[in-house]
Trainee: 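Handing you this structure, nothing more for now.
All ligand and atom numbering here is 1-based and tracks the order in the structure. Side chains are part of it too, since the values below use all heavy atoms of this structure and drop only hydrogens, waters and symmetry mates.
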Amino acid sequence: MVSEIHQIHNALVSQKYSCTDLVKSKIEEIKKSTNNTANFILEEYALEKAAAVDAKIKNGEEIGLLEGVPFGLKDVYLLQGQPASASSDFLKEYVSPYTATAIQKLLNAGAIPIVKENCDAFGHGSSTENTVFGAAKNAIDETKVAGGSSGGSAVNVAKKYTTFSLGGDTGGSIRQPAGYNKVYGLKPTYGRISRYGIMAYASSTDVVGPIASTLEDIRIVLNCISGKDYHDQTTYPSTEVSENAMSDIDGVRKLKVGYYKSFIDSEALDKGIKADFIKLIDTLRANGVEVNELDFFETNTLVSTYYTLAMAETASNLARLDGTNYGNRKSAGNLKEIYAVTRSDNFTEETKRRIVGGNQVLSQGHSEEIYLKARGVRNEISKRFSEEFESVDIVLSPVSLTPVPSVGETMNDPLAMYLSDAYTVGFSLGGLPTLTAPVGTETGIQITADKDGEAKVLQFAHLLNELV
Ligand code: GLN
């Protein structure tokens, strides 16, 4: 597939259409859409930027590759002067006081944000149903969920309302909706991209990442937003993924692949997805790729470790939302009651469940037994990943246990929803780069490499495109 960013760039430069017309038509499509992907459309803001790009082109000035390219933002990113609600009642009227680093880098490159996208409130969910804006609908079948929590972002890309979108991934929120809507979604290595200006869910696994229709677009956006940022001390300086690295298909065939037996043996795995996954492994072997079966933790251990830590971290992060410094404040008799009423009325049931769970595992008498134990298990998981990546270059896994659920199917069963993250959360705990490619199974395939191995991941995705 040809890069959409390149296509738009060429069309703008050759004046096939103007940037204003492009942005207008995308915004019209979003407005008409029944997929419910937009919390806020940045019409005035985007059209002003588009006019500036048009003026530059008319003047015969050169424009950069990303200049004038319309993109979407999950509604957890700050863009100065624009709303940022996290799909919650709490922040429905909140206006961003500054701009997130990743967004600033895209703005510097001239890309144009056109929409703040529907998502699960504060990233809490796997379907984009836990949102005060109403459920987003799947791009391919509107009776199905969009996936989550970055559901609106994945649907916008699949529907071509945006050329690419920035999602956020704490435990699968880019990879799972990408798989549900048949587009690419990359969760980069933890620390490759600054988290400054993205609302924190679980700070130790939160990452910023692109969703796009082509691998080349993922690569372009990744290169643009990566890098050390003094606002986020967990960031590291990374090297660009070059275009040449991507086309070395013969080199990629030599990469050693592994997959986890425990993932494929899981009772909960849908038979169709299992059969397709095994077929993919057979195809790789038939094409001379070395594939090894690996032992790993049971998916239940990964899910319980992740949710213990994610709930603890979100309880701490959301403590700042009390209606005093941020958010819609409710009135009551005294300060303590104001906090209580404000928090009870403004958080969704799912968010409250996580805050209560998180405070429980952090509380005296429980923290040693639960929270600290989970941290210990997480260290073991990371150690095991490091060991595995001494013998293989790439780990393949399904994205989800089941085909895409219908709207309403998992909303009332939180435990089932948590368990549905079985294949995504482990790689988050390891801080590893993982890409969902829309191939192999009905909900795609996850391609994972060791830390900072984005180039390998993207190269391998190219190989899969050649072989399946
Ligand atoms: N579904 C997972 C959760 O609810 C992951 C969400 C995310 O990555 N933001 O925690």
Side-chain angles (χ1 to χ4, degrees), residues 73-77 86-88 117-131 135-136 145-154 165-180 185-188 190 193 195 198-211 299 302-318 347-358 361 374 378 399-402 404-405 409-411 413-436 443 446:
L73 295 178
K74 182 179 185 179
D75 200 13
V76 292
Y77 284 98
S87 290
S88 70
E117 298 165 320
N118 202 356
C119 57
D120 287 296
F122 299 104
H124 296 158
S126 312
S127 63
T128 309
E129 292 174 290
N130 173 33
T131 153
V145 298
S149 62
S150 314
S153 311
S165 286
L166 280 201
D169 191 312
T170 306
S173 280
I174 287 177
R175 293 162 281 158
Q176 185 253 45
Y180 282 9
L186 175 67
K187 177 194 104 58
Y190 182 78
I193 301 166
R195 285 174 293 118
I198 180 174
M199 285 183 208
Y201 165 11
S203 311
S204 76
T205 65
D206 285 346
V207 293
V208 173
I211 299 175
T299 50
L302 300 174
V303 171
S304 48
T305 305
Y306 167 78
Y307 272 100
T308 302
L309 298 175
M311 287 189 184
E313 291 185 36
T314 206
S316 305
N317 278 323
L318 295 182
F347 283 128
T348 63
E349 286 308 302
E350 183 55 39
T351 294
K352 282 190 261 193
R353 188 174 296 123
R354 292 174 187 219
I355 292 174
V356 171
V361 302
R378 181 191 187 163
V399 175
S400 66
L401 289 160
T402 63
V404 186
E409 202 178 315
T410 53
M411 204 34 196
D413 189 351
L415 191 59
M417 188 176 69
Y418 302 159
L419 290 171
S420 76
D421 297 332
Y423 296 142
T424 52
V425 294
F427 303 123
S428 295
L429 293 171
L432 304 173
T434 305
L435 175 83
T436 287
T443 57
Q446 284 186 102

Trainee: If you measure from OH on Y306 to OG1 on T299, what distance do you get to the nearest 0.5 Å?
Mentor: 15.5 Å
Trainee: Over all heavy atoms of both residues, which pair between H124 and E350 is shortest? Give the atoms and the distance, please.
Mentor: O-CG, 4.0 Å
Trainee: Just by distance, with hydrogens left out, do S153 and E117 show a side-chain donor and acceptor under 3.5 Å apart?
Mentor: yes
Trainee: Can you list every protein residue that has a heavy atom under 4.0 Å from any atom of ligand 1, sorted by chain and residue number?
Mentor: G123, H124, G125, S126, S149, D169, T170, G171, G172, S173, Y201, Y306, Y307, R354, D421
Trainee: Looking only at heavy atoms, which two atoms of S87 and C119 are closest? And how far apart?
Mentor: OG-O, 2.9 Å
Trainee: Of the non-hydrogen atoms in R195 and V208, which two are nearest, and what is the gap between them?
Mentor: CA-CG2, 4.5 Å
Trainee: Do you know the tightest heavy-atom contact between P188 and G209?
Mentor: CD-CA, 3.9 Å
